[in-house]
Amino acid sequence: MNAHAATAQSAAPAAAPAVLVVNNIEVIYDHVILVLKGVSLAVPEGGIVALLGANGAGKSTTLKAISNLLRAERGDVTKGSIEFRGTRVDSLTPNALVKLGVCQVMEGRHCFQHLTVEENLLAGAFTRTGRGEVAAALDKVYTYFPRLKVRRASLAGYTSGGEQQMTAIGRALMAAPTMILLDEPSMGLAPQIVEEIFEIVRDLNARERVSFLLAEQNTTVALRYANYGYILENGRVVMDGDATALGANEDVKEFYLGLASGERKSFRDVKHYRRRKRWLA
Amino acid sequence: MSFFFEVLIGGLLSGVMYSLVALGFVLIYKASGVFNFAQGTMVFFAALTFVGFTELGLSFWAALPATLAAMVVLGLVIERGVLRPLVNQPQISLFMATIGLAFLLEGLSQLLWGSEVRGLDIGIPDEPIAWISDRFGLNISRFDLSAALIAAVLVIALALFFSRTRIGRALRAVADDHQAALAVGIPLQQIWAIVWGVAGAVALVAGLLWGARNGVQYALTFVALKALPVLMLGGLESIPGAIVGGLIVGASEKLAEVYIGPYVGGGIEGWFPYVLALVVLLFRPEGLFGEKIIRRV
Ligand SMILES: Nc1ncnc2c1ncn2[C@@H]1O[C@H](COP(=O)(O)OP(=O)(O)O)[C@@H](O)[C@H]1O
Ligand SMILES: [Mg+2]
């Protein structure tokens, strides 16, 4: 498992069959800005897969390509395919995808600020119509996020960052998804709250059998909770592997876990960097 | 003193009619962020279509649902034909599109129904209510009071719709953050279509009441001008704001006309509400009831 081998087609993580398969997609914004240059990844049934990489690497774009929120930003998948449970979903609307069980929690949470916390959650159940069903879903969200129950009548815009993140995840849960695309849940939150949220993610994964594709810049935390990880750079997957193996990898340690001295560099610089190291030695 | 109350009540009642027109703007602005320049024309179109149907021989109770259906269809066509192609375009493009729409609709309605002025009788006479005159010595128009009641019922129904129903909640969600709404599976286009349909229905009620009062003619589109200060006062995205704004505009313009008018030679009814609205805007740019922009990360 090294940077060179990983750029080639990566196999789906072993064990469980893949529920989500992204196959060599290319994404272009505004008809000209090429952002993803052939990204492939797979999420196994019941897995937590981390999509890692620096700011601007293309993590959010990958998630939006899957949930098809891309079109609302004038982005297009111009090559490759996306399959969910064996069927192509590239051209489905977000509404159809949510009904199939794929729901995205967007970067920056995007709560409905002028709706109360509870109204946010109920809005998340738009695709479900059974009254009892919705009430049961609400109860379930409140058992996972007791804090939301306390804040249920507050306007979401006036709750804390952590509460907004919980609202956003809870709102997605209301649609009864089997797969959640979670974009940067740790962003701007205190470490303690980040742990709290990741614990809930792990809980949901274990008890509700929800699979997660998790975009994160916080590599350390993400690799602790994920089973598998992909590292994205400049719109390409440059490395992938089991979370533990990735966490132990020297280059990952050096560039993403901040365990070595010096500023973070990219894998593209690795060759050059190694050569220089050799010279210096 | 009873003269003062007469003016005040008359003003409040006509204010409710302003609210009704303002409400159409608020609905569309709330859900799609578009200031619909064509709202006044929709009011005119609704009134004209209703009169057209009655001239074709339909009774009042047959023409009402027929016009309602026409307005909903019109709303759907506008959403699909004008707004959907412009989705993701800058706000100003959408605004320009609604200006174009206003003129298109105006031409279309006159093409369909002709351009002569028509009367519209909805069966409520504009005369003082006897028992109120007898008991309180106030002359309150039966028409004004009925119109205000009809408008009030509509407003309450809409408020309940927005706060209690699944679709209403989705509407507010879309208004708040349409990307997030998409992400949780709310189909934007379906929601926009509903909003335009509802705005069409509101335009119909406004058109009937205003048409019955002023006659059905092109000048009806200018009731939109009455709604502007209401919107400035109440905020563009607030239903309670549209109501209170309408009441304030109605009451203040009538009182100003009667009590200040004589000193400045009269005719201030037309522009006084704008002055009032500008003063409010100076202190509260989002209007009295506009949603505060929540700045917090
Ligand atoms: N709507 C857009 N239009 C044009 N370029 C975009 C758009 N969204 C993102 N990009 C560009 O795509 C690249 C990847 O962005 P993004 O997927 O948000 O990265 P990440 O989530 O990893 O930080 C960035 O260079 C960004 O500038
Ligand atoms: Mg991102």
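Labels below follow one simple rule: chain letters A, B, ... track the order of the sequence lines, proteins then strands, and each chain is numbered from 1.
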- Query: Are the side chain of B/Arg172 and the backbone of B/Phe162 linked by a donor-acceptor contact shorter than 3.5 Å?
  - Reply: yes

- Item | Any residue meeting ring-ring contact (aromatic ring centres under 6.0 Å, His included) with B/Trp196, in chain and number order, not counting sequence neighbours | none

- Top of A/Leu115, A/Asn120, A/Thr129 for chain B proximity - count of heavy-atom pairs under 4.5 angstrom: A/Leu115

- Pick out which of A/Val102, A/Leu51, A/Val43 makes a side chain to side chain contact (heavy atoms under 4.5 Å, CB included) with A/Leu181. A/Val102

- Message: Non-hydrogen contacts under 4.5 angstrom with chain B: give the residues of residues 59-73 of chain A involved, or none if there are none.
- Response: A/Leu69, A/Arg71, A/Ala72, A/Glu73

Would you tabulate the side-chain donor-acceptor contacts of residues 33-41 of chain B under 3.5 Å, counting partners in other chains and residues two or more places apart, or write 'none'?
{"residue": "B/Asn36", "atom": "OD1", "partner": "B/Ala38", "partner atom": "N", "Å": "3.1"}
{"residue": "B/Asn36", "atom": "ND2", "partner": "B/Gln39", "partner atom": "OE1", "Å": "3.1"}

- Task: With B/Arg166 as the cation and A/Phe126 as the aromatic partner, state whether NZ or CZ is under 6.0 Å from the six-membered ring centre and within 45° of the axis.
- Result: yes

- Is the backbone of A/Ala42 close enough, under 3.5 Å, to the side chain of A/Tyr230 for a donor and an acceptor to pair up by distance? yes

- Message: Checking B/Tyr18 against B/Glu253: is there a side-chain donor and acceptor pair closer than 3.5 Å?
- Response: yes

- Task: Determine which residues belonging to residues 130-146 of chain A lie within contact range of chain B, meaning some heavy atom pair is under 4.5 Å apart, and list them by number or answer 'none'.
- Result: none

- Between the side chain of A/Glu208 and the main-chain N/O of A/Val210, is any donor-acceptor distance below 3.5 Å? no

- Message: Taking the basic N atoms (NZ, or NE/NH1/NH2) and the acidic carboxylate oxygens, is any pair closer than 4.0 Å for A/Arg109 and A/Glu163?
- Response: no

- Item | B/Thr98 (side chain) donor-acceptor with B/Leu101 (main chain) under 3.5 angstrom | no

